[in-house]
2 protein chains.
Amino acid sequence: MGKKLADRKVLSFENIKIACKNCSLVSLCLPMGLEPEEMDRLDRIIKRSRPLHRGDHLFRDGDALQCLYIVKTGSVKSYAPSEEGGEQVLGFHLPGELIGLDAIENSRHNCSAKVLETSAICEIPFTNLEELSTSIPSLQHQMYRLLSREISQDENMLTLLGKNSAEERLAAFLLSLSARFKRRGFSPYDFYLSMSRHEIGNYLGLAVETVSRLFTRFQEERLLEVERKHIQLLDLERLENLSKRSHNDKDRIHST
Amino acid sequence: MGKKLADRKVLSFENIKIACKNCSLVSLCLPMGLEPEEMDRLDRIIKRSRPLHRGDHLFRDGDALQCLYIVKTGSVKSYAPSEEGGEQVLGFHLPGELIGLDAIENSRHNCSAKVLETSAICEIPFTNLEELSTSIPSLQHQMYRLLSREISQDENMLTLLGKNSAEERLAAFLLSLSARFKRRGFSPYDFYLSMSRHEIGNYLGLAVETVSRLFTRFQEERLLEVERKHIQLLDLERLENLSKRSHNDKDRIHST
DNA sequence: AAATAGACTTGATCCAGGTCAAGCTAAAAG
DNA sequence: CTTTTAGCTTGACCTGGATCAAGTCTATTT
């Protein structure tokens with residue numbers, strides 16, 4: 001309990017309530033490319049609440065769409081719960097990433113999102129955002145870009161699940177994390193996983209055991225060093241090669 | 001050759017060059033919900049070219065984004081080609097569906113799209129569309145909705161590929177087609193597949209042989225009648241049950 | 001410090017669906 | 001008409017990764 005208080009102090013208002021223009025993420029986040037005046041207008045509709053803790057939900061499948069969410073610090077997973085209690089992990093979200101875009105279609109969330117570790121989150125009421133984007137063309141453009149990017153990413157993921165082997169999937173996953181950490185100014189070689197093996201497996205369409213065995217094997221092959229959540233990538237190049245299916249590509253479809 | 005001329009006559013200008021307001025797809029297409037005056041403005045930027053033929057490309061992976069495309073009649077597949085000549089089928093598109101949305105992010109197409117049969121296509125120069133959507137809020141809203149819907153669909157597909165068995169995938173695929181035909185005023189029970197078994201398998205992450213065997217089995221079980229491309233669904237309810245994974249849902253992730 | 005529990009690892013076994021091989025069919029080309 | 005070819009089906013076999021079954025390790029609780 002005393003611990004939690006301390007935690008709060010460390011990340012509190014100085015860090016959380018800063019405006020977009022003072023935020024280190026500005027160059028890869030929603031306000032990217034806006035003029036200072038436009039950024040202020042956006043800033044005024046963004047809510048910055050106290051930090052959320054592991055397991056807290058941003059929203060649940062079926063909730064009415066109120067806000068879109070951006071990770072400021074920490075990480076979030078989104079997932080589609082199934083009736084029977086199972087789930088499909090749809091994505092892991094790092095700082096600067098916009099969450100909840102699949103809810104615009106019918107004003108209702110199509111998946112759930114919960115934070116994986118203590119996280120600061122920016123909330124953006126969608127109605128206000130939409131209005132604002134009508135009067136700020138570059139904000140509208142940025143929205144189109146972010147929605148489009150989400151589609152591209154999902155399509156990549158479809159290819160990964162449709163065509164790639166277990167080892168290709170895990171290698172691609174680690175490289176994706178690595179690249180995203182790098183863009184955020186963190187080490188691309190040395191990082192901590194905020195998600196469990198189970199969640200990684202679920203995301204990649206693999207059993208936990210398979211993920212575990214692959215970590216062991218990758219370590220034996222000196223591709224990486226792993227100790228629980230701590231990952232050190234030792235050979236990005238070989239991982240890169242592993243992640244691209246080199247082998248059987250015989251399902252080429254004949255053109256007409 | 002005489003045949004082709006006849007074809008052209010049948011679908012030519014009367015049918016192809018009609019304005020949105022006279023198009024039967026208006027209620028499920030981009031102009032959905034626009035005022036007549038707004039629809040005219042949209043109409044003015046849309047190009048309607050002569051029909052394309054099987055195998056013609058709308059665009060190829062890497063092309064600069066010029067237009068988004070809407071199927072008017074016929075069908076289109078989008079796919080991610082891989083270096084080695086293979087491909088991952090990303091989707092099949094029926095009349096009223098918008099194609100190319102993943103290109104907005106970086107103004108370059110991230111996949112290819114080719115027509116599966118003789119098809120009429122509306123082309124919408126994206127720059128014009130974006131401008132127009134700045135001055136027509138309901139058009140902007142519709143764009144957000146369509147982009148969001150694409151994300152939801154891709155997420156559904158991720159779940160299908162990540163969690164479902166071969167039989168669940170094929171059942172879900174057939175039901176999806178059935179529902180989409182229904183919305184377009186066609187029979188949900190009786191339709192023709194415009195894609196090959198190979199393409200279906202590729203899309204669903206299955207080998208052709210598996211798709212073929214499943215069709216045979218579904219027919220033996222009186223779920224459907226299949227003869228080459230012609231499908232008759234005999235028992236939607238049982239197909240529905242098949243498509244939802246009823247069995248092992250033991251990968252529930254423990255909450256914290 | 002002992003107990004409990006969740007997360008992870010490792011080994012043994014199994015099977016859904018992939019791969020390989022052969023033949024069939026229909027439609028297009030000659 | 002016959003031939004060719006691409007698409008589809010069916011059977012036999014094989015394998016990657018799932019499942020089952022024990023542990024082990026860490027962290028939290030008591």
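- Using a cutoff of 4.0 Å between basic side-chain nitrogens and carboxylate oxygens, A:Lys77 and A:Glu199 are scored as salt-bridged.
- Distance, A:Asn202 CG to D:dT19 P: 12 Å, rounded to whole Å.
- A sub-4.0 Å separation between OP1 or OP2 of C:dA7 and a side-chain N or O of A:Arg228 is absent.
- To the nearest angstrom, P of D:dC8 lies 10 Å from NE2 of B:His198.
- In this structure, the CG atom of A:Leu161 is 13 Å from the P atom of D:dG17, given to the nearest Å.
- Using the six-membered ring where Trp is involved, A:Phe92 and A:Tyr203 have ring planes that are perpendicular, over 60° apart on the 30 and 60° scheme.
- When heavy atoms are screened at a 4.0 angstrom cut-off, A:Gly201 is found touching no nucleic acid atom at all.
- Nucleotide D:dC8 holds its C1' atom 17 Å from the NE2 atom of B:His230, rounded to whole Å.
- Distances shorter than 4.0 Å separate none of the side-chain N or O atoms of B:Thr210 from OP1 or OP2 on C:dG17.
- A salt bridge links B:Glu97 to B:Arg180: one of the charged nitrogens lies within less than 4.0 Å of a carboxylate oxygen.
- Of the candidate nucleotides D:dC8, D:dT10, D:dC20, D:dT10 has the atom lying nearest to any side-chain atom of B:Glu209.
- Within 3.5 Å, a donor on the side chain of B:Arg213 pairs with an acceptor on the base of C:dT19, or the reverse.
- The distance between atom NZ of B:Lys229 and atom P of C:dT25, rounded to the nearest whole Å, is 18 Å.
- When the C1' atom of D:dG7 is taken as reference, atom CZ of B:Arg54 falls 10 Å away, rounded to whole Å.
- Whole-Å rounding puts the B:Glu220 CD to D:dT9 C1' distance at 12 Å.
- Of the side-chain N and O atoms in A:Ser212, none sit less than 4.0 angstrom from OP1 or OP2 of C:dT10.
- Below the 3.5 angstrom threshold, one finds no donor paired with an acceptor across the side chain of A:Arg169 and the base of D:dG17.
- Aromatic ring centres of B:Phe181 and B:Tyr189: separated by at least 6.0 Å.
- A straight line from CD of A:Glu168 to C1' of D:dG17 spans 14 Å, rounded to a whole angstrom.
- Picking from C:dT9, D:dT9, C:dG17 the nucleotide with the shortest atom distance to the side chain of A:Arg197 gives C:dT9.
- The number of heavy-atom neighbours closer than 6.0 Å to NZ of A:Lys229, taken from other residues, nucleotides and ligands shown, is above 12.
- Residue A:Met195 is the one, among B:Glu227 and A:Met195, whose nearest nucleotide of DNA chain C lies closer to the 5' end (criterion: closest heavy atom).
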